[in-house]
Amino acid sequence: MSAMRNVVVSRIQSLAPGIKEFTFVAPPGEELSRFSAGSHIVIHSVLKGKPHHNPYSLLGSPDDPHWRIAVRRQEVSRGGTAYMHEELKEGDTLRVSEPINLFPLVRLGRKYILVAGGIGVTPILSHAREMSRLKMDFEVHYAVRSAEFLVLSDELRALAPGRFYTYFDSEQERPDFKQLFGNQPLGTHIYVCGPSGMIDACLNAGRAAGWPESHLHSEKFLAAEHGEEFTVVAAQSNVTITVASDTSLLDALEEAGLNPPCLCRGGACGQCEAEVVSCDSEFEHRDIFLTDAEKSSRKKIMPCVSRVKGGTLILNI
Amino acid sequence: MSAYTYRVRSQPNYPSLKWDVSGARHLLVILDLDTNSIAELCRSPCPGPLEILVRGEATHPALIPFNKANILIHSFASMDTLIVALENALDQTTMGLRLYALGHEDGLWKCNKAGQKVGMSRDEIQLAQASTTGRPVYCVHCGHHMNLIHTNITVCTGCKRHLLVRDHFSRLLGAYMGFQIDAESPGLIPAVEEVFP
């Protein structure tokens, strides 16, 4: 696991219905580390005795002495976002990871297209700030459900004057990815963050237009969804654990005292990849790290977001 | 390839050209008309629109596989005019292009540089060595560039030092590093052999 630290909540601000911005500062006598555009932190909390780990992109400027995140309250919250919205108060102390960047900026491009969907705007804002500072050629496309959910748009508009485009679902407006990808100069990179459906539509349009993978950048964090209870055997440690239906495999391993490596806890980074010795039931792969071939091989699993449908899973850990 | 049996990490490896089906359009630069390499590439049809820049005559027999109505062939008398045309083409075209270059190493890396200049990435460019293994060499003492060096030791045309042509390759310079061979024992020059035919 990456290094952990304490931060103090210095400000909570409502941005839109169900969306709040949180500002964190270092405890007295300490300093927050600087971060690169695209970084996120993982907030660790224990709610009703259960650990929660939620990744959030840092949307502020690396030059600020504070860190900023924006959190949308998930309609079906497992507790993490509900806790952030309803229980956390200014002055509270939180346990968080140091910044991690799985969505870094490639600086060798000639042009950049930033695409945000909903709360996925947070890393896009940090990239826009960096690109503006470096005087890069970029434009921003931001899609939301309706005008009231258009958060942080003043900052974006100021960073990309004349190159900031909004789309409202309520008005049947959607970015036209086919057109967007169709006529860009060589050396253009696209960065997209938002709901899975939008990311897939965006990346597929890019591939259809002949864009190479190295110019298609996306980030999405997945929450470990609930599923059936199953048994996991850690073969090397000779430990047998029951993974409850509302607990992730990674959380269950950690509760049992095992410390498998992990970083993003959102199925994106690949750190927690575990080798499967055997499994007598079906896999529920939910990560975006393993390839389809790896997923169907039944040889690997990402414990942070994936699980199996009952039965016994034996891991080589 | 060369008589060397070991490889240093920086030394480029050149697999044969293969059409990249993920690309929407294709640009092939032929720096040296190598009949075998072209025949091998043409065993499968190009998966999209293809344009060709060639140094030499467009009527050369090696280009017969490309004699199709929808393939544009532009012919150039010199490397310099070809590279300028390539730079212009890359500057004006859009994402979805794949660049392929075939020929001697110096030209390959000039094509690569033209691609990098417009922000192309490694997975959009393929380079394949053909016709000669003669090396581009950069003198680390005076910064002079030489091309098509076929021997293990060569005299720098800039500073006249005797240089050992190393396997250490710079992608930025598009050349192998040449170091003075007799720096510690002046005048002691080993036998010169042709190792890069």
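Residue numbering restarts at 1 for every chain, and letters A, B, ... go by the order of the sequence lines.
Atom NZ of A/K295 has more than 12 neighbouring heavy atoms from other residues, nucleotides or ligands inside a 6.0 Å radius. Counting heavy-atom neighbours within 6.0 Å of A/E282 CD, excluding the residue itself, gives a total of 12 or less. With a 6.0 Å radius and a threshold of 12 heavy atoms from other residues, nucleotides or ligands, B/E57 has its CD atom at or below the threshold. In the displayed structure, B/R171 atom CZ is contacted under 6.0 Å by more than 12 heavy atoms of other residues, nucleotides or ligands. By the 6.0 Å contact criterion, CZ on A/R174 is open, its count of non-hydrogen atoms from other residues, nucleotides or ligands being 12 or less.
Side-chain contact between B/M120 and A/P212: absent, with no pair of heavy atoms (C-beta onward) separated by less than 4.5 Å. Proximity of A/L186 to B/T94: side-chain heavy atoms (C-beta onward) are nowhere separated by under 4.5 Å. Between A/P185 and B/Q92, the closest side-chain pair of non-hydrogen atoms is not below 4.5 Å.
When heavy atoms are compared at a cutoff of 4.5 Å, B/D91 approaches chain A by way of both its backbone and its side chain. Of the two parts of B/S121, the backbone and the side chain both hold a non-hydrogen atom closer than 4.5 Å to a non-hydrogen atom of chain A. There is no contact between B/R25 and chain A, counting heavy-atom distances below 4.5 Å.
Counting heavy-atom pairs closer than 4.5 Å to chain B, the top residue among A/G109, A/G210, A/G187 is A/G210. By number of non-hydrogen pairs under 4.5 angstrom with chain A, the leading residue of B/T93, B/V118, B/L97, B/V21 is B/V118.
The CD atom of B/Q116 sits 8.0 Å away from the CG atom of A/L108 when rounded to the nearest 0.5 Å.
When all heavy atoms of B/R98 and A/W211 are compared, the closest pair comes out as NH2-C, 3.8 Å.
Between the side chain of B/D123 and the backbone N or O of A/S214 there is at least one donor-acceptor pair closer than 3.5 Å.
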